[in-house]
Amino acid sequence: MNLDKTLKPQLEERRDQHRYRSRRVVESPQSAVIQENGVELLNFCSNDYLGLANHPEVIAALQHGAGQWGVGSGASHLVNGHSEEHHKLEEELAAFTGRERALLFSTGYMANIGVINALVGKGDLVLQDKLNHASLIDGGLLARADFARYPHSDMAHLEKRLQASKHARKLIVTDGVFSMDGDLAALPDMATLAAEYGAWLMVDDAHGFGCLGKEGAGSVELFGLNQHQVPVLVGTLGKAFGTFGAFVAGSEVLIETLIQYSRSYIYTTALPPAVAAATRKSLALLRKNNAKRQHLQQLIVQFRAGCAQLGLALMDSDSPIQPVMVGGDQQALNMARHLHTKGCWVSAIRPPTVPEGTARLRVTFTAEHTPSQVAQLLEAFAYAQTQEQE
Ligand SMILES: *Cc1c(COP(=O)(O)O)cnc(C)c1O
């Protein structure tokens, strides 16, 4: 069977469905204004929520780290790639999250795959929110445990599943802040259910860290949930931290178990030590900079008020993820194009990333945005609405 001939119809189908994905080449660092094709655009799709990806002190830490450690880590953590810089970052992340220990992974995707597979297998049960991030879903599918997805944030449904289970180990897995909707998981209720039914709660707070809590320690800080209540806590470093990588925080026993059994931890090269050095700097900035979180909140309030005036459908979100619901795939693409005409870069998110009929414009804010840039975005939305009505 000819490779290209076989694959081509599949690609054409994607295009016919208005679901074809393509990449756009960026010509500047991440910041509130970004350059593409020689044109400057307001950037409303980055996950760099605090503007740390291009922060001078973080850049300096990376440069200094490269001078001290070179570029590559040279090996996996268990061979000889685990540097002092990685080790210190892990200690600082443990202190930050109020957990006994933390363990660095090379990406959040790998952390989620590796953690779920180290904790459960045949004869166990994994329960996941329908809207969980793809990496969590993939981790659950790979584990060979029984796997069920409950309707978004439906605690009654989750409880029924727990009640009915006779499995040896039960793992409840959820996003802290849902990545495509921006709303929060009902973590206190989930922790109560987990305790009642002897299940373990795993929270992936990729979008909560840096944004929520006075120190930016995310959903668990916001809700005041300790290691006992949320024993498995995952964070990623490529979003509000502005660098790259991920970590898992929890008990001594959890972390040692991951070091022994987590294949995506064991069989991969450690992050460059200079990236760990840069992340130590961004962690320090993220913790102390509550003013940036407050500024971000003001932008969110401004945007939501403006959308209400325009009659745009928002989701129930107080996070920097503010999706504008559109519905149809083509309509979402059209709207994104109109926004682009007005100098705003917003991404149209379509199935299969989100459920059928819920295509949306996923607006994200960073602390680098100004109120006047948010006003510009609102004007662009007003323009896009008139274009679509014609
Ligand atoms: C981005 C994201 C990940 C993946 O993290 P990477 O470090 O980019 O691989 C995992 N979970 C959630 C909820 C995310 O948003």
Side-chain angles (χ1 to χ4, degrees), residues 46-53 55-58 61 85-105 108 111 174-179 182-188 191 201-251 255 275-301 317-321 364-369:
S46 173
N47 299 315
D48 177 29
Y49 300 120
L50 297 176
L52 292 174
H55 190 287
E57 289 184 51
V58 180
E85 209 71 64
H86 294 112
H87 204 72
K88 283 185 178 156
L89 173 59
E90 288 181 342
E91 287 170 353
E92 288 162 9
L93 287 167
F96 172 57
T97 53
R99 267 58 183 165
E100 284 167 28
R101 281 185 66 185
L103 187 72
L104 285 173
F105 276 75
T174 185
D175 281 22
V177 175
F178 287 91
S179 55
D183 59 331
L184 286 167
L187 294 186
L201 180 56
M202 169 175 174
V203 176
D204 171 359
D205 210 16
H207 300 276
F209 281 108
C211 299
L212 305 175
K214 199 157 178 295
E215 283 211 0
S219 331
V220 295
E221 184 190 353
L222 184 74
F223 290 121
L225 296 167
N226 60 29
Q227 177 182 296
H228 182 66
Q229 294 160 304
V230 177
V232 188
L233 180 60
V234 177
T236 68
L237 303 173
K239 287 165 184 153
F241 281 87
T243 61
F244 190 77
F247 64 93
V248 181
S251 69
I255 299 305
V275 171
T279 307
R280 293 180 66 199
K281 175 53 76 180
S282 75
L283 171 60
L285 293 168
L286 176 152
R287 286 188 84 159
K288 72 172 187 211
N289 229 325
N290 199 36
K292 286 210 176 190
R293 280 182 279 280
Q294 285 169 348
H295 173 65
L296 201 46
Q297 271 310 315
Q298 285 165 0
L299 300 175
I300 294 164
V301 168
S317 163
D318 300 317
S319 75
I321 302 168
T364 56
F365 294 105
T366 92
E368 296 300 292
H369 286 125

Practice task
Could you tell me the separation between the OG atom of Ser282 and the CG atom of Asn289, rounded to the nearest 0.5 Å?
Solution key: 11.5 Å
Problem - Phe209 and Thr97, any side-chain heavy atoms less than 4.5 Å apart - result: yes
Fill in the blank from the handout: Residues Tyr49 and Pro320: closest non-hydrogen pair is CD2-CB, 3.6 Å
Completion exercise
The reported gap from CG in Asn290 to CG in Leu296 (rounded to nearest 0.5 angstrom) is 11.0 Å
Exercise for the section: May I ask you to test the Leu50-Arg293 pair for a side-chain heavy-atom distance under 4.5 Å? Expected result: yes
Practice task
Identify the two heavy atoms, one from Ala206 and one from Thr236, that lie closest to each other, and give their separation to 0.1 Å.
Solution key: CB-OG1, 3.6 Å
Exercise for the section: Quick one: sort the Phe241 and Phe247 rings into parallel, tilted or perpendicular, breaks at 30° and 60°. Expected result: perpendicular
Practice task
Could you tell me whether the side chain of Leu237 reaches within less than 4.5 Å of the side chain of Val275, counting heavy atoms only?
Solution key: no
Handout entry: Heavy-atom pair of closest approach, residues Gly216 and Glu221
Key = N-OE1, 3.3 Å
Problem - Donor-acceptor contact present, side-chain His295 to main-chain His369, <3.5 Å - result: yes
Problem - Val234 vs Phe105 side-chain heavy atoms within contact, under 4.5 Å - result: no
Exercise for the section: Could you tell me whether the side chain of His207 reaches within less than 4.5 Å of the side chain of Asn47, counting heavy atoms only? Expected result: yes
Problem - Derivation and outcome, side chain to side chain contact (heavy atoms under 4.5 Å, CB included), residues Val230 and Phe223 - result: CA-CA 11 Å; Val230 177; Phe223 290 121; over 6 Å; no
Handout entry: Leu225 side, atom CG; Leu233 side, atom CG - distance, nearest 0.5 Å
Key = 10.0 Å
Practice task
State, without any angle test, whether Asp48 and Thr366 hold a side-chain donor-acceptor pair at a distance under 3.5 Å.
Solution key: no
Exercise for the section: Verify, without hydrogens or angle tests, whether Thr364 (side chain) and Ser46 (backbone) share a donor-acceptor contact under 3.5 angstrom. Expected result: yes
Problem - Nearest non-hydrogen partners of Phe96 and Glu215, listed with the distance - result: CE1-O, 3.4 Å
Handout entry: Glu90 side chain vs His87 backbone, donor-acceptor pair below 3.5 Å
Key = no
Handout entry: Non-hydrogen atoms of Ala278 and Ala61 that approach each other most closely
Key = CA-CB, 3.8 Å
Handout entry: Interatomic spacing from CZ in Arg280 to CG in Leu93 - rounded to 0.5 Å
Key = 10.0 Å
Handout entry: Within-4.5 Å side-chain heavy-atom neighbours: Thr174 and Leu187
Key = yes
Problem - Value rounded to 0.5 Å, distance of CZ in Arg101 from CD in Glu91 - result: 9.0 Å
Problem - Polar side-chain atom of Glu92 near backbone of Leu283 as donor-acceptor pair, under 3.5 Å - result: no
Handout entry: Heavy-atom side-chain proximity of Lys281 to Leu285 below 4.5 angstrom
Key = yes
Handout entry: Nearest-0.5 Å distance that lies between atom CD in Gln294 and atom NZ in Lys214
Key = 8.0 Å
Fill in the blank from the handout: Nearest heavy-atom contact between Ser317 and Gly182 is OG-O, 3.1 Å
